[in-house]
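Chain A is the first sequence line, chain B the second, and so forth, proteins listed ahead of strands; every chain is numbered from 1. Keep in mind that this is a model prediction, so the values were computed, not measured.
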2 protein chains.
Amino acid sequence: MDEQLKRILLVEDDPNFGTVLKDYLSMNDYEVTHAKNGMEGFEKFKRGDFDLCILDVMMPYKDGFTLAKEIREKNAEVPIVFLTAKAMKEDVLKGYKVGADDYLNKPFDSEVLLMKIKAIMQRKANDTVADSKQFEFKIGGFDLNSKLRFLTYNGGEQVKLSPKENELLRMLALHENDLMPRELALTKIWRDDNYFTSRSMDVYIAKLRKYLKLDPNVEILNIHGEGFRLVVNQND
Amino acid sequence: MDEQLKRILLVEDDPNFGTVLKDYLSMNDYEVTHAKNGMEGFEKFKRGDFDLCILDVMMPYKDGFTLAKEIREKNAEVPIVFLTAKAMKEDVLKGYKVGADDYLNKPFDSEVLLMKIKAIMQRKANDTVADSKQFEFKIGGFDLNSKLRFLTYNGGEQVKLSPKENELLRMLALHENDLMPRELALTKIWRDDNYFTSRSMDVYIAKLRKYLKLDPNVEILNIHGEGFRLVVNQND
DNA sequence: GTTTTTGTTAATGTAAGGTTAAATGGTAAG
DNA sequence: CTTACCATTTAACCTTACATTAACAAAAAC
């Protein structure tokens with residue numbers, strides 16, 4: 001699998017500071033989603049798949065702590081960093097109680113932020129068993145090499161797969177004969193769950209079905225409203 | 001099984017406040033049923049299946065306490081939260097005596113309400129053994145896979161089931177050879193008990209009977225005015 | 001025997017999924 | 001700088017799946 005860009009959710013209501021910070025992080029090879037308030041932040045969090053959340057503490061409607069708590073309920077793993085203007089001790093305590101991974105006082109040195117981000121990502125990378133590391137699959141008569149992105153049928157011709165084709169087929173293979181929820185592929189591969197990504201996914205399902213037609217025992221079934229199922233019949 | 005939306009019954013006679021609150025909760029991903037007085041509240045409670053009740057204490061004809069008592073008679077589990085304008089101590093006591101889970105004084109911070117709701121739902125989620133987790137059933141010669149929604153007869157052809165077919169058959173299977181009350185399926189699956197949902201359920205019973213005809217030892221019997229019974233005869 | 005409940009089939013409306021082609025956007029070659 | 005190519009998204013349109021409602025028949029209760 002190619003190195004995915006690390007994704008950061010930045011929730012910051014100050015438009016100037018937020019934009020500057022977003023640009024700075026983008027320039028340093030992070031993919032940044034910027035939400036302008038707590039509500040928006042939570043919505044975006046639910047729809048995406050983030051490696052780190054940076055939350056401003058002081059926000060108008062929903063403060064950073066409340067947001068952090070909501071995020072923690074959905075996901076116990078994702079690292080959270082708080083930004084705060086004033087360094088009040090009780091706030092810091094509150095933050096760590098909610099499961100903060102770090103704390104930064106505004107104004108802060110942007111390089112310090114980068115280093116901290118790097119450190120946090122690495123720390124997490126180690127103790128995360130991470131989404132299965134399996135990259136080779138036997139699917140009926142096919143062999144999928146997900147690292148090199150190709151599919152072979154009975155040792156014959158290799159079909160090259162595009163990145164999306166590859167990841168989608170891999171995710172189906174990880175759930176062989178079982179349900180692969182639509183939502184899972186959308187949040188993990190497309191990193192967004194909406195009408196258009198869903199349409200896009202259908203296009204890719206069609207492409208995969210075309211490839212898999214070679215083996216009549218392999219098919220991708222739809223489970224209406226739930227997702228897809230890669231089934232392999234053994235009628236040998 | 002997919003995450004069901006949590007359902008809230010809101011009983012509040014003030015139309016303005018009620019509507020605003022309903023909208024606010026809806027925006028936060030709750031499915032809200034709004035009743036404008038105690039009578040209506042009780043009717044709707046009986047017909048639906050709610051995860052939480054929010055009751056205004058001061059209501060014209062039937063006050064919140066009386067309503068709460070009636071609700072408790074029907075269901076000892078469902079969490080109840082009272083809304084009250086004045087914070088009179090004896091009222092609070094009365095509320096807890098009726099089995100309140102929490103108390104909120106108007107005007108209240110809407111975020112506080114959200115947090116309390118979440119906390120209560122979680123608390124309940126833990127001590128609820130939750131509706132059976134069984135998803136595979138043997139019904140005479142049939143195998144029902146309720147997660148992937150299909151029915152197999154003697155290991156042969158698979159029939160795909162629609163979500164409603166699947167849930168209904170699963171509920172029948174959970175009560176195999178016993179009465180499955182009409183009302184149970186309607187409140188649990190259709191989440192509403194009225195003439196039309198009842199007719200709809202009959203339609204689904206007919207569909208299931210068609211599927212089950214393959215095995216002469218399996219049938220769905222009606223118990224007039226009560227419900228249905230999935231019987232498996234062992235005349236081997 | 002009349003009313004209520006249930007059985008069954010068909011009609012309707014809506015949402016989800018399937019398919020194809022064109023638009024977009026990035027990247028490498030010319 | 002322009003062109004050509006590729007992966008992906010967007011758009012349009014079509015098909016299928018599903019749930020509800022209607023309409024009428026049959027059975028049970030009263």
Donor-acceptor pair (no angle test) under 3.5 Å: A/Arg182 side chain, C/dG17 base
no

Atom [atom1] of [X] to atom [atom2] of [N]: distance rounded to whole Å?
X        : N      : atom1 : atom2 : result
A/Glu165 : D/dT8  : CD    : P     : 7 Å
A/Glu226 : C/dA15 : CD    : P     : 18 Å
A/Leu186 : C/dG17 : CG    : C1'   : 13 Å
B/Tyr204 : D/dA17 : OH    : P     : 13 Å
A/Arg149 : D/dC6  : CZ    : P     : 14 Å
A/Asp193 : D/dT9  : CG    : P     : 14 Å
B/Lys207 : D/dA17 : NZ    : P     : 12 Å
B/Lys210 : C/dA10 : NZ    : C1'   : 11 Å

Name the nucleic acid region contacted by [X], choosing base, sugar-phosphate or nothing; use a 4.0 angstrom heavy-atom cut-off, strictly under.
X        : answer
B/Ser200 : base
B/Tyr195 : nothing
A/Lys160 : nothing
A/Arg209 : sugar-phosphate

Proximity to the side chain of [X] - top-ranked nucleotide from [options]:
X        : options                : result
A/His224 : D/dT8, D/dA17, C/dT5   : D/dA17
B/Arg199 : C/dT19, D/dA23, D/dC18 : D/dA23
B/Asn222 : D/dA22, C/dG7, D/dA7   : C/dG7
B/Val203 : D/dT9, C/dT9, D/dA7    : C/dT9

Exercise: do [X] and [Y] side chains pair donor with acceptor under 3.5 Å:
X        : Y        : answer
B/Thr197 : B/Asp192 : no
B/Arg182 : B/Ser198 : yes
A/Ser146 : A/Asn166 : yes

A/Phe142 and A/Tyr153 aromatic ring geometry - parallel, tilted or perpendicular at 30°/60° bounds
tilted

Give a yes/no on whether any side-chain N or O of A/Trp190 is located under 4.0 angstrom from OP1 or OP2 of D/dT8.
no

Under 4.0 Å between a side-chain N or O of B/Ser198 and OP1 or OP2 of C/dT6?
no

Counting C-beta onward and ignoring hydrogens, is there a side-chain heavy-atom pair between B/Leu208 and B/Ile220 closer than 4.5 Å?
yes

